[in-house]
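Okay, so here's the structure we're looking at.
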Protein chains: 2
Amino acid sequence: MSPRKTESAKTVLIQAATDLFRRVGFLAATVDDVCAAAGVSKGAFFHHFESKEALAEACLRQWKDMVGVMVASAPYQSMSDPVERLDGCMNFFIGLFEKPESIKSCLAGTTVQEISETHPKLRDAANECFVTSNRLLHGLITEAATHGGRQVDAASLAAMWTAGVQGALLLYKASQDDHVIRSTLTHIRDYIISLVKPASC
Amino acid sequence: MSPRKTESAKTVLIQAATDLFRRVGFLAATVDDVCAAAGVSKGAFFHHFESKEALAEACLRQWKDMVGVMVASAPYQSMSDPVERLDGCMNFFIGLFEKPESIKSCLAGTTVQEISETHPKLRDAANECFVTSNRLLHGLITEAATHGGRQVDAASLAAMWTAGVQGALLLYKASQDDHVIRSTLTHIRDYIISLVKPASC
DNA sequence: GGGATTATACCGACCGGTTGGTATGTTTCA
DNA sequence: TGAAACATACCAACCGGTCGGTATAATCCC
């Protein structure tokens, strides 16, 4: 009855694989594991994707799009003050990792470490996610800075934020203590805001 | 002729495996690959290590020790001003990734992403590396702060630095552009220093 | 309209290369 | 000479991917 019954298996596979890859990684997740998680046969898998790598590529593309959509529909978008909007954006992301049930892992970050040297295609797909994230932040930072009459290197600050997110998630995986996420991202947020808002003295 | 001829294979294996793991990761590096890189037979491998996991554990332990040693013998240690010493420490690490021939990858960071969910022992060993790094930074930060008469959350700042290093390396792997490393770490350094040095206004 | 043809989605047994690990020696050296 | 340090051949499990086949529905042709 769904509008596209024919594509359901493909969609389910991408969703299940994304979850699994985020949790255990691309290499550790078996094709059979993905099939089991998706409730789909192996035949169906290779009917829709020519390889495990192709599936991961599809996952990363969807991940990139999701970042964009999530951001576009986020609450902070409505704020009129550019500095507050930038602040709201970063707080929005900090809040994402607050919920206990959320998977504290980025598909792009998890994947790129495992395959950067062996699967250039996946590496590029993952990099696209970071580029998207950076572009978004870059825009918000420049707007906030020009509004505050200050000059900043928006690109490097955006990259700093993205790096902070990835590093914080990595430290969380090692320590299993989600405090690191909030505390480091809060620091980075404060730093960026301090450079962007009108100088105080 | 070396004082410990008997341990040479073990040492060589750890060194070769560390390099290989840093480059391609723990899962992608085969036992045979490690043996080939070390110029050692498979029999020798399993004579010294009961499993691939055990080898990785040994690598991580040595990695942790190496961080400590490297830091202890670093040039910034001689500086008398605590703020300069902290600054020197961070600059020292920034410089490490400057050399083109250096492997821009942290064994602990690379490993933990792949195995945090499947090999708790390795996860803990990797976490120990971060704890060591944090402890070191924590000390330098508190000294600098108290000397400057300022109050800071040294622990969260230390974690922020460690997260920054890991995130920057990850972004480098994705983009293959080593500018991110210097630029993000420089930002974090500036932030930490600004919180630690005597207030200016 | 309705039989024939074709395309799509899916199934699951199976294949062959790979991989971590072992069994059985041979060499080295104290 | 005996134990530790290696080497070589081998194994069983696993894993990505294939293959022959089925069910269903859309398309074509008269």
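Order of the sequence lines sets the chain letters (A, B, ...), proteins ahead of strands, with each chain counted from 1.
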- Item | Closest heavy-atom pair and its distance - G88(B), Y76(B) |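 Closest heavy-atom pair between G88(B) and Y76(B): C-CB, 3.6 Å.
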- Message: Closest-nucleotide mapping onto DNA chain D: is D33(A) or G43(A) further toward the 5' terminus? I mean the 5' end.
- Response: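 Of the two residues, D33(A) wins.
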- Do any side-chain nitrogens or oxygens of H48(B) fall under 4.0 Å of OP1 or OP2 in dC6(D)?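 Result: yes.
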- Message: So, OP1 or OP2 of dG12(C): does either fall under 4.0 Å of a side-chain N or O from K42(A)?
- Response: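 False: K42(A) side-chain N/O out of range (4.0 Å or more) of dG12(C) OP1/OP2.
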Would you kindly give the [atom1]-to-[atom2] distance between [X] and [N], to the nearest whole Å?
X       : N       : atom1 : atom2 : value
D32(A)  : dC14(C) : CG    : P     : 15 Å
E50(A)  : dG16(D) : CD    : P     : 15 Å
F49(A)  : dG17(D) : CZ    : P     : 13 Å
H119(A) : dG16(D) : NE2   : P     : 10 Å
H47(A)  : dG21(D) : NE2   : P     : 19 Å
F45(A)  : dC14(C) : CZ    : P     : 22 Å
L27(B)  : dG20(C) : CG    : C1'   : 12 Å
L20(A)  : dC15(D) : CG    : P     : 12 Å

Given [options], the nucleotide with the shortest approach to the side chain of [X]:
X      : options                   : result
A9(A)  : dC10(C), dG20(C), dG17(D) : dC10(C)
S41(A) : dC11(C), dG16(D), dA7(D)  : dC11(C)
S51(A) : dG20(C), dA9(C), dG17(D)  : dG17(D)
F46(A) : dG21(C), dC6(D), dT18(D)  : dT18(D)

- Message: Cation-pi check for F26(A) against K52(A): NZ or CZ below 6.0 Å from the six-membered ring centre and within 45 degrees of the axis, yes or no?
- Response: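 Judged by the rule (NZ or CZ under 6.0 Å from the ring centre, within 45° of its axis), K52(A) counts as positioned above F26(A).
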- Say you draw a straight line from CE of M66(A) to CG of L107(A); how long is it, rounded to the nearest 0.5 Å?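 Reported to 0.5 Å precision, the distance equals 9.0 Å.
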- Query: Under a 4.0 Å N-O cut-off, is there an ion pair linking R85(B) with E143(B)?
  - Reply: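 Looking at E143(B) together with R85(B), the answer is yes, because their closest N to O distance falls below 4.0 Å.
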- Task: Spell out, as yes or no, whether a donor-acceptor pair under 3.5 Å connects the side chain of D33(B) to the backbone of A29(B).
- Result: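 A pair under 3.5 Å: no.
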